[in-house]
Amino acid sequence: MELFAVPDLPEIREGDDLAALIDDAVDLREDDVLCVASTVVSKAEGRAFDLDDFPPSSRATAIADRLSAITGEEKDPRFAQAVLEESTKLLMKAPFLLTVTDFGHIGVNAGIDRSNVPDSDLLLLPERPSESAERLRERLPIDRVVVTDTCGRPFRHGQRGVAIGWAGMPASRDWRGERDRDGREMGVTVQNVIDELAAAANLVAGEGAGGTPAVVVRDWAFGDHEGSDNHFRAVESDFVRQALEEWQYEA
Ligand code: GDP
Ligand code: MN
Ligand code: MN
């Protein structure tokens with residue numbers, strides 16, 4: 001398999017036809033997977049806002065005040081308000097905001113970005129990243145699209161690319177029922193291939209001023225496996241999240 005960045009994409013603005021820009025910049029093959037950074041999907045979809053678009057509620061102000069006290073940095077209550085508006089549930093109020101978005105993704109600050117947003121204060125994630133992926137897919141001569149974001153994760157330092165939306169392929173390869181090299185039937189292995197593709201693509205895209213938000217994955221095959229579309233865990237089967245919901249930050 002081979003990964004390469006789509007060259008020469010401009011700064012993306014609201015209303016830009018991202019599919020046409022990508023299609024013009026690269027000769028896509030039908031079995032390519034296109035991985036696109038959510039940043040440019042959001043920009044094209046008009047998800048850039050200013051802090052003043054989020055007049056803070058008393059709840060947002062209380063959250064920001066507590067975070068300011070804990071971190072020793074001035075936290076903007078308008079930013080807390082934006083995070084609250086983008087979230088269906090607040091999992092951690094301190095020492096940072098960890099929330100569940102409407103489409104099921106759990107991330108710090110609801111995935112709201114302040115980098116690579118030249119004309120506005122904030123960039124929200126796409127409202128429905130899998131629908132964004134589907135729209136791109138319909139307009140491109142390929143079948144498979146993954147929308148990525150850079151995210152931290154528990155238990156490890158640093159951030160990495162993850163899939164927040166996908167279209168045209170299953171989220172996972174299900175190895176259950178297949179046999180390992182000892183002939184033992186695998187009982188639990190479900191390989192989340194969209195996260196793996198997102199991580200590989202993010203390695204090429206980078207995080208800074210590179211200007212390479214779209215990455216083509218060429219000659220990668222899902223293979224002859226069962227697929228599943230499970231990606232974001234439901235709370236009922238997420239025991240780590242359940243534990244977190246009982247936990248309180250103590251300064
Ligand atoms: P995120 O991981 O989706 O939050 O996106 P990043 O901000 O990390 O950006 C990923 C890549 O896309 C980096 O190479 C950025 O330089 C690039 N990028 C971000 N916005 C734009 C844009 O509007 N146009 C172009 N050409 N590249 C961009
Ligand atoms: Mn991001
Ligand atoms: Mn990134």
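All ligand and atom numbering here is 1-based and tracks the order in the structure. Just so it is clear, the values below take in all heavy atoms, side chains as well, and ignore hydrogens, waters and symmetry mates.
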Judged by modelled atom types alone, do Thr101 and Glu86 share a side-chain donor-acceptor pair under 3.5 Å?
no
Looking only at protein heavy atoms, what sits closest to atom 7 (O) of ligand 1 is Asn116 ND2, 2.9 Å
For atom 26 (N) of ligand 1, closest protein heavy-atom neighbour
Leu9 O, 2.8 Å
For atom 11 (C) of ligand 1, which candidate among Gly206, Gly210, Ala214 provides the closest heavy atom?
Gly206
Hey, which atoms in ligand 1 end up nearer than 4.0 Å to a heavy atom of Ala37?
3 (O), 5 (O)
Using 30° and 60° as the class boundaries, would you call the ring planes of His225 and Trp175 parallel, tilted or perpendicular?
tilted
State the atom name: nearest N, O or S atom of Asp113 to the Mn ion (ligand 2).
OD2
Provide, to 0.1 Å, the distance between atom 25 (C) of ligand 1 and the closest protein heavy atom, together with that atom's residue and name.
Pro10 O, 3.4 Å
Under 4.0 Å from a heavy atom of Gly208: which atoms of ligand 1 are those, numbered in the order shown and with their elements?
13 (C), 15 (C), 16 (O)
Are any of the N/O atoms on Val40, whether in the backbone or the side chain, positioned under 3.5 angstrom from an N/O atom of ligand 1?
no
To which protein heavy atom is atom 14 (O) of ligand 1 closest, and what is the distance rounded to 0.1 Å?
Ala205 O, 2.7 Å
Run the side chain to side chain donor-acceptor pair (under 3.5 Å) test on Glu246 and Gln242 for me, step by step, so that the C-alpha distance in whole Å, both residues' side-chain angles and the decisive distance to 0.1 Å come before the verdict.
CA-CA 7 Å; Glu246 310 209 333; Gln242 288 173 30; over 6 Å; no
Distance under 6.0 Å and angle within 45° of ring axis: Arg144 vs Phe222:
no
Any idea which protein heavy atom is nearest atom 1 (P) of ligand 1, and the distance to it?
Thr39 OG1, 3.0 Å
Which of the atoms in ligand 1, numbered in the order shown and given with their element, are less than 4.0 Å from a heavy-atom of Asp149?
1 (P), 2 (O), 3 (O), 4 (O)
Give a yes or no answer on whether the side chain of Asp16 reaches the backbone of Arg13 with a donor-acceptor pair at less than 3.5 Å.
yes
In terms of residue, atom name and distance, what is the protein heavy atom nearest to atom 20 (N) of ligand 1?
Lys43 NZ, 2.8 Å
Which residues and atoms, counting only protein N, O or S, are under 2.8 Å from the Mn ion (ligand 3)?
Thr150 OG1, Glu207 OE1
To the nearest 0.1 Å, how far is atom 8 (O) of ligand 1 from its closest protein heavy atom, and which atom is that?
Glu207 OE1, 2.9 Å
Between Thr148, Thr150, Asp113, which one has a non-hydrogen atom sitting closest to atom 4 (O) of ligand 1?
Asp113
Donor-acceptor contact present, side-chain Asp180 to main-chain Asp182, <3.5 Å:
yes
May I ask you to check if ligand 1 and Thr212 share an N or O to N or O distance below 3.5 Å?
yes
